Amino acid sequence: MGSTSESDFPPQFDPASVEGAMYAAWMAADLFHARADRSARAGGARAPFVIIMPPPNVTGVLHMGHGLNNTVQDVLIRWRRMAGDEALWVPGTDHAGIATQNVVEKQLAAEGLTRFDVGRERFVLRTREWVARTGGTILEQLRAIGASADWSRTAYTLDPGPSSAVMEAFVRLHEAGLVYRGHRVIHWCPRCLTSLSDEEAEHEETTGTLYHISYPLAEGDRAAANGTRSITVATTRPETMLGDVAVAVHPEDERYRHLVGKQVVLPIANIVIPIVADEYTDPSFGSGAVKITPAHDANDFEVGSRHELPMPVVMSPAGVMEEGSGAAGRVPGLVRGLDRFAARERIVEELRAQGRLEKIETHHHSLRHCYRCGTVVEPRLSDQWFVRMKPLAQPALEAVRAGRLRILPERWEAVYVNWLENIRDWNISRQLWWGHRIPVWYCDGCGTMLVRREAPQPAECASCGGALRQDEDVLDTWFSSWLWPFSTLGWPRTSSRDLAAFYPSDVLVTAPEILFFWVARMVMAGYYFMGDAPFHTVYLTGTARDTNHVRMQKSLGNGIDPLDVVQRYGADALRYTVVSALGLGTDLILDPADLERSFAPGRNFATKLWNIGRFLLTNVGSGSVEPLSAIAPERLTRADHWILARLDAAIAECDAALGPPRPDGRHWDPALARSGLRLSEYIEAARRFVWNELADWYVEAAKARLADGDRDVTRAVLVHAFDGALRLLHPVVPFISESLWQRLPGRREGELLAAAQWPRPGTPRPQPHGEFELAREAVGAIRQIRAEYDVAPGKSIDVVVVPASTAAHRVLADEAALVGRLSRAALRVDVPAPAETAAHAVLSDGSEVIVPLAGAIDLGKECGKLRSELSQLDRQLASLRARLSNEQFMSRAPKNVVEAEREKDREWSARREQLANKVKSLCDG
RNA sequence: GGGCGAAUAGCUCAGUUGGUUAGAGCGCCUGCCUUACACGCAGGAAGUCGGGGGUUCGAGUCCCUCUUCGCCCACCA
């Protein structure tokens with residue numbers, strides 16, 4: 001590093017040969033490691049800036065969603081690190097209960113085994129080994145995209161620290177009465193063989209069938225029922241009728257009032273059940289009578305409880321028809337042993353045969369599915385552990401309402417609030433083997449229940465000395481996740497320095513899908529256990545989708561492997577492409593079939609940046625460069641002032657787009673709460689500066705001056721401007737920017753851009769740098785004329801400029817050489833021009849550009865062009881003047897708007913006059 | 001069923017509290033290997049801002065309505 005010879009500079013950046021070494025250099029400098037003692041909260045001098053990484057599944061592999069998400073986090077962390085914060089990005093992985101267990105079960109299935117064949121202990125061991133072997137791959141992959149996380153703090157949900165946090169949280173909540181054992185109907189996945197939380201049972205619209213079945217009145221009741229022989233119920237799940245314990249009608253439904261208290265015979269099962277009245281029944285739906293199956297429907301469970309009805313379970317955990325608890329004699333041989341869906345068909349057949357099937361209609365409704373495997377969820381009566389959520393939700397709601405916590409894009413705040421307002425208790429026990437085992441023991445002898453957090457497990461019952469048996473279940477994966485913002489920092493050890501120095505964190509970057517699963521629960525846990533929200537900002541990213549806007553998914557084969565992109569175009573190209581496409585709240589649309597095109601923006605930019613550096617560094621050379629501060633302002637040219645002003649503007653735009661890193665105080669100022677985190681705007685401002693301003697104009701202007709002008713000043717300005725650009729760009733394109741920055745003259749040994757200071761605007765430019773704009777405009781006008789009249793690119797032409805004012809005269813005369821060079825023209829100022837054999841253009845200040853092109857000018861065409869320009873200007877002027885002479889506009893519009901319109905009027909008038917004169921002399925003569 | 005959001009150039013998106021002639025990237029057309037870059041340079045074409053109505057001196061921006069997409073939530077069997 002540090003050399004600037006041509007041989008170091010192939011025309012294209014070679015990411016493969018640079019990225020690994022660069023990452024190693026950052027690691028060697030320990031740049032990503034945050035120190036608690038430097039945090040202002042622990043006596044240090046720096047504001048902490050903390051991001052807790054959403055822990056990917058430990059066995060996962062990197063996909064585009066991770067690429068997007070972690071790029072955003074890395075950009076923010078690198079930005080704040082440069083800005084002088086003690087920046088901490090905590091990485092980690094999640095044991096992912098069901099997901100991981102499913103994978104290992106699949107491996108077993110390939111060997112013809114189930115987890116029950118190998119037993120709990122060996123299964124857990126095997127899973128642990130597999131995780132040890134393949135886990136953590138994803139964290140390695142994050143390094144490949146440049147993630148600057150603090151790897152010394154890498155956490156894993158099953159590590160001792162986070163595990164003790166889980167036990168501590170469970171026990172504390174239990175002591176507070178917020179964790180309890182509940183007996184009720186929950187969502188059950190017959191494939192995963194576990195209960196699920198409400199959030200894990202996802203709705204999906206489906207077209208189903210509504211079966212109308214007639215239940216005959218019991219023999220003794222027929223006479224008393226005024227001739228009514230049967231009652232019809234409607235159901236989408238006939239197989240559950242075997243578990244029916246009643247038929248319910250609305251208490252005020254005149255059609256059925258006389259039947260309440262009578263009994264019907266449940267077909268197929270041939271059991272007598274009562275007709276009850278319950279307000280739950282909707283008289284307008286179906287027949288107005290509903291079958292009640294308390295063990296297989298959450299609503300029916302409520303009805304059953306109210307009427308103290310039995311609750312027979314007619315299905316096995318795997319969804320096979322069987323006589324479970326309280327269901328003796330209810331499941332006939334006809335369906336026994338059949339899967340629930342096969343049983344449905346068989347029962348429908350049988351009902352039809354018995355003449356009990358009255359009607360079949362299609363019915364649109366939504367069914368719950370397991371979020372891990374997609375299986376239709378079966379409501380099932382069972383005993384589970386729950387967390388009482390209402391008390392926890394209150395502070396989490398308050399946080400958003402009071403502006404202590406903001407969610408971007410803002411519209412998600414309403415979703416968050418709505419969920420918390422209607423929150424229901426959280427089922428946290430899972431009938432799995434992979435996870436944190438519930439710290440509860442039961443004594444079979446005396447029935448005592450023991451809830452313990454201590455590591456040595458209790459051996460025998462304290463009251464009767466009987467043997468203790470630990471609860472078989474594990475906790476929901478999300479029960480460890482919701483503690484993540486503080487369990488990773490050492491909680492519950494209150495002596496943890498990290499906890500004091502880095503909690504609460506700042507920004508949480510994640511996908512909207514887990515707003516409820518994770519984000520809202522983290523806020524609740526933060527308030528309950530730490531007394532403070534875990535972060536002040538939630539940034540919800542969009543989703544990676546293909547060109548048909550279908551979410552990228554491994555199973556659909558429409559994914560993009562970020563590592564593939566890194567290999568082809570480099571990590572910077574990947575990151576730039578992602579960031580530049582990341583408008584707040586917009587999805588990332590990429591074409592998996594055309595990586596070339598999808599990542600062209602990033603690849604093109606990387607090459608361009610590299611070549612700007614290539615030119616600039618080889619021309620500046622390795623000799624010492626004066627710092628800009630040592631150069632007297634009068635030595636600077638218009639172009640120098642201009643590019644320095646543009647740099648300041650770019651810095652200001654980047655800062656504005658990134659926004660305030662944290663609220664000022666405990667609450668977000670409503671005026672600022674929605675600002676910032678506009679990553680695409682930030683990178684666009686930086687791109688525009690380095691490409692469209694520095695490269696397109698200043699570097700071009702500098703070529704001549706490097707050859708025969710004031711070399712030292714030009715070199716100083718080039719280096720200063722490029723240094724500023726690289727600093728602004730570094731968070732997005734860390735590898736290429738660092739690689740170039742290392743070659744800038746004046747670097748001290750070992751100095752790294754990744755640790756360099758984020759740029760600040762310089763002092764305001766003392767000279768009117770805006771004058772350079774007139775020169776740029778002249779260049780543009782001449783280029784336009786050249787293209788229009790097909791002047792050969794190599795051919796130099798004569799150009800005359802007639803300035804509109806003495807100020808314009810001064811500027812254009814000074815810059816004539818530059819304008820000439822940039823437009824391949826011999827430029828003279830203020831010489832009367834030949835009228836007819838020339839092409840004409842009028843600049844915005846009214847100055848006129850005249851290009852004599854003997855023999856090439858089609859006067860008719862030229863006049864047509866000028867006339868159309870004139871008439872367009874006239875139209876605009878007319879509407880402008882209408883506005884200016886409109887009383888209401890003049891009295892109601894704000895002063896600055898009126899003033900701007902007046903200024904516009906002056907400029908346009910000057911230009912209009914010039915144009916009109918030109919048309920008159922050229923065309924009307 | 002309830003709630004929310006979106007509709008701007010061929011594609012993906014910007015357009016700040018209503019106020020210049022609605023922008024960018026990719027794609028397209030024309031011409032250029034101008035000794036940093038063809039992954040580039042220069043020039044250019046392309047939008048009745050989804051339809052209709054309204055408020056206003058002024059509407060892509062605010063209101064109503066229709067159409068079409070998307071998202072979240074939901075115990076009507």
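Numbered from 1 within each chain, the chains take letters A, B, ... in sequence-line order. Worth knowing before you read on, the calculation uses all heavy atoms, side chains too, and leaves out hydrogens, waters and symmetry mates. Model, not experiment: these values are computed from the prediction.
- Between A:H364 and B:rG1 there is no side-chain N or O to OP1 or OP2 distance below 4.0 Å.
- A donor-acceptor contact closer than 3.5 angstrom links the side chains of A:Y215 and A:D244.
- Counting non-hydrogen atoms under 4.0 angstrom, A:E205 reaches a base of the nucleic acid.
- A close approach under 4.0 Å does not occur between any side-chain nitrogen or oxygen of A:K703 and OP1 or OP2 of B:rU35.
- No contact: A:A581 has no heavy atom under 4.0 Å from any strand.
- Side-chain atoms of A:E700 come within donor-acceptor range of the base of B:rA36, with a qualifying N/O pair under 3.5 Å.
- Distance check on atom P: B:rC76 versus B:rG18 gives 41 Å, rounded to whole Å.
- Considering only side-chain N and O atoms, A:W691 lies nowhere under 4.0 angstrom from the phosphate OP1 or OP2 of B:rA36.
- Stem analysis of RNA chain B (at least three stacked-register Watson-Crick or G-U pairs, each with both distances under 3.5 Å) gives B:1-7 with B:67-73, B:10-13 with B:23-26, B:28-32 with B:40-44, B:50-54 with B:62-66.
- Under 4.0 angstrom from either OP1 or OP2 of B:rC75 there lies at least one side-chain N or O belonging to A:R424.
- A:R783 comes within contact range of the sugar-phosphate backbone alone, with a heavy-atom separation under 4.0 Å but no base atom that close.
- Residue contacts shown for A:R368 are limited to sugar-phosphate atoms, with no base heavy atom under 4.0 Å away.
- Between A:R551 and A:E513 there is a salt bridge, with a side-chain nitrogen of the basic residue lying less than 4.0 Å from a carboxylate oxygen of the acidic one.
- A:D591 and A:R597 are not joined by a salt bridge, as no carboxylate oxygen comes within less than 4.0 angstrom of a charged side-chain nitrogen.
- Between B:rA24 and B:rA9, the two C1' atoms lie 11 Å apart (nearest whole Å).
- Remark: of the listed residues A:K291, A:R340, A:E378, A:H296, A:K291 is the sole one forming a side-chain hydrogen bond (donor to acceptor under 3.5 Å, both in side chains) with A:T240.
- For the pair A:R568 and A:E596, the salt-bridge criterion is not met [side-chain N within less than 4.0 Å of a carboxylate O].
- In this structure, A:H250 contributes its side chain and A:T281 its backbone to a donor-acceptor pair below 3.5 Å.
- Checked by distance alone, A:T293 brings no side-chain donor or acceptor within 3.5 Å of a matching partner on the base of B:rA77.
- Considering only the side chain of A:D282, B:rC76 comes nearest among B:rC13, B:rC76, B:rA24.
- One finds no side-chain N or O of A:R545 lying less than 4.0 angstrom from the OP1 or OP2 phosphate oxygen of B:rG70.
- Here A:R614 reaches the OP1 or OP2 of B:rC37: one of its side-chain N or O atoms lies under 4.0 Å away.
- Residue-level contact check: A:A298 touches neither bases nor backbone, having no heavy atom under 4.0 Å from any strand.
- Residue A:H203 places at least one side-chain N or O under 4.0 Å from the OP1 or OP2 atom of B:rC75.
- Counting non-hydrogen atoms under 4.0 angstrom, A:R911 reaches a base of the nucleic acid.
- Here A:R237 lies out of heavy-atom contact (under 4.0 Å) with every strand.
- Within the structure, a side-chain polar atom (N or O) of A:H363 is placed less than 4.0 Å from OP1 or OP2 of B:rA77.
- Picking from B:rU20, B:rC75, B:rA36 the nucleotide with the shortest atom distance to the side chain of A:N299 gives B:rC75.
- Residue contacts for A:A792: at a heavy-atom cut-off of 4.0 Å it reaches no nucleic acid atom on any strand shown.
- Under the 6.0 Å distance and 45° angle rule, A:R705 does not count as a cation-pi partner of A:W697.
- Nearest to the side chain of A:N611, among B:rA36, B:rA77, B:rG10, sits B:rA36.
- Ion pairing between A:E899 and A:R906 holds under the 4.0 Å rule for side-chain N and carboxylate O.
- The main-chain N or O of A:D300 is found under 3.5 Å from a side-chain atom of A:D297 such that the two form a donor-acceptor pair.
- Here the separation of B:rA45 from B:rC39, taken at their C1' atoms, is 24 Å to the nearest Å.
- Separation of the P atoms belonging to B:rU21 and B:rC37 is 41 Å when rounded to the nearest angstrom.
- Within 4.0 Å of A:V290, counting heavy atoms only, lies at least one base atom of the nucleic acid.
- B:rU17 and B:rU61 have their P atoms separated by 13 Å, given to the nearest Å.
- Remark: the separation of the C1' atoms in B:rA22 and B:rA14 is 10 Å, to the nearest Å.
- Across all strands, A:W412 comes closer than 4.0 Å only to sugar-phosphate atoms, never to a base (heavy-atom distances).
- For the OP1/OP2 pair of B:rC37 and a distance below 4.0 Å, the side-chain nitrogens and oxygens of A:Q12 include no atom meeting the criterion.
- With hydrogens and angles ignored, a donor-acceptor pair closer than 3.5 Å exists between the side chain of A:K608 and the base of B:rC37.
- Judged by the 6.0 Å and 45° rule, A:K861 forms a cation-pi pair with A:Y789.
- A distance of about 24 Å separates the C1' atoms of B:rG52 and B:rC57, rounded to the whole Å.
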